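The next block holds one structure in the form of structure tokens; read it before the comments.
A quick note: this is a predicted structure, and the numbers were derived from the prediction, not measured. Only heavy atoms go into these numbers, but all of them, side chains included; no hydrogens, no water, no symmetry mates.
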Amino acid sequence: MQQTNVQYGPYLQLDAILNAQHPESDKLGLPAHDEMLFIVIHQAYELWFKQLLFEVESVADIMSKPAVNDNSPELQTVVHRLNRSVTILKLLVQQIDIMETMTPMDFLDFRDMLRPASGFQSWQFKTLEARLGLQYENRFGQEYYISQLTPDKIEIIRRAEREPSVLKLLNDWLERMPFFEEPGNWADYQPATNASAAGDSLWFNDYRNIYMAGLADAEQANRAYFDKVFGDGEGAGHLSPRASRAALFIMLYRGYPLLQLPFQLLNALLEIDEQLSTWRYRHMSMVQRVIGTRIGTGGSTGRDYLKGALDKHYIFADIARLTSFLIERRKLPELSPAMGRRLGFR
């Protein structure tokens, strides 16, 4: 192998990076000390957004394959990269602590010099949301979410919205789960109720009856909701009933070795949603603390926009709501010996 002479600075392009901070306050001869902090933090955010996009794209590439083995190195890679994304998002939340060392008066020293620039114009973050699965029709503030972007950046976001998202690929992967497709695994299944169907219906009807019997009087509305989520119709969200049944099965029987990685995948996606929500909440609280009810520098409604996005931009809510349909371990239908052997590698 040819020997190289890579140097730290040129390899990291440090000259370009360290000379990329040009405070507007300096240009106008009105120095504002905290503008340097403001620039560095937002540049760091954009670098981490780039890494998040890199990880999410790689996950989407793997999950878009016709078949992903449920205990394969590929699935381990997906879980690993999703967990890395969670760790990066936690770091982004922590960076707000640094931003909050800037007082409202510190920010006012240079705030008006930034118009109309705004974090609202971060095309990378909007692309990340789209690649994960946030659809246009579910966005808050649709009327202006790309209004201040250049045509080339708008096209990047639109292209991301047209590609199969992680949420869509998750649905497809769950629909391919093989357990309900192998009648032999259910041949000696003994339902605890009088279910008479076969295959996944045998187990699922049994589970449904146990779940319904355990509902409190105040929870009876869950009967119709259960059937809408898992029944034969269109479902109640972005996961199909078939995918929802597979995800529920994974959550219920995650103690079996074969379901450990699938469960970790679902859990990582829930953690991504939680960290994004935490980041939005911290951002909203910081904005209210610094500018109160004033509009954002980019013309958004400031705190009100952030509150609307916080309430609406949950990407993997279909997974989170499955906890409404769990039952106690001691009441779980016992799987057949054949299915137990399959899930336990025996």
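- No side-chain donor-acceptor contact under 3.5 Å links Arg254 to the backbone of Leu259.
- Here the side chain of Asp172 pairs no donor or acceptor atom with the backbone of Leu169 at under 3.5 angstrom.
- The aromatic rings of Tyr253 and Phe249 sit tilted relative to each other, their planes meeting at an angle between 30° and 60°.
- For Asp318 (side chain) and Leu239 (main-chain N/O), a donor-acceptor pair under 3.5 Å exists by modelled atom type.
- Annotation: side chain of Lys126 is not in contact with side chain of Ser122 (no heavy-atom distance under 4.5 Å).
- Listed for the Ser165 side chain is no donor-acceptor partner under 3.5 Å among the backbone atoms of Glu161.
- In this structure, the side chain of Arg176 engages the main chain of Pro66 through a donor-acceptor pair within 3.5 Å.
- The six-membered or imidazole ring of Phe325 lies near that of Tyr225, with a centre-to-centre distance under 6.0 Å.
- Residues Ser85 and Glu55 bring no donor and acceptor atom of their side chains to less than 3.5 Å of each other.
- Annotation: Tyr11 is not in aromatic contact with Tyr8 [ring centroid separation under 6.0 Å not met].
- When atom types are taken as modelled, the side chain of Asn267 and the backbone of Phe263 share no donor-acceptor pair closer than 3.5 angstrom.
- The main-chain N or O of Gln43 is never found under 3.5 Å from a side-chain atom of Glu46 such that the two would form a donor-acceptor pair.
- Remark: Arg158 qualifies as a cation-pi partner of Tyr136 under the 6.0 Å distance and 45° angle criteria applied to the six-membered ring.
- The closest side-chain heavy-atom distance from Ile319 to Asp273 is not below 4.5 Å.
- How far CG of Asp112 is from CG of Leu30: 11.5 Å, rounded to the nearest 0.5 Å.
- Classified by interplanar angle (parallel below 30°, tilted 30° to 60°, perpendicular above 60°), the ring pair Phe49/Trp279 is perpendicular.
- Using a cutoff of 4.0 Å between basic side-chain nitrogens and carboxylate oxygens, Glu24 and Arg115 are not scored as salt-bridged.
- Looking at Arg131, its side chain does come within 3.5 Å of a backbone N or O of Pro164 through a donor-acceptor pair.
- Using a 4.0 Å cut-off between charged nitrogen and carboxylate oxygen, Glu163 and Lys168 do not count as a salt-bridge pair.
- Donor-acceptor pairing under 3.5 Å is lacking for the side chains of Ser58 and Asp61.
- We find that Glu334 and Arg329 are not joined by a salt bridge, their nearest charged nitrogen and carboxylate oxygen being 4.0 Å or further apart.
- Aromatic ring pairs are classed by plane angle as parallel below 30°, tilted from 30° to 60° and perpendicular above 60°; the pair Tyr211 and Tyr207 is parallel.
- Using a distance-only test at 3.5 Å, with no hydrogens or angles considered, a donor-acceptor pair links the side chain of Gln220 to the main chain of Ala216.
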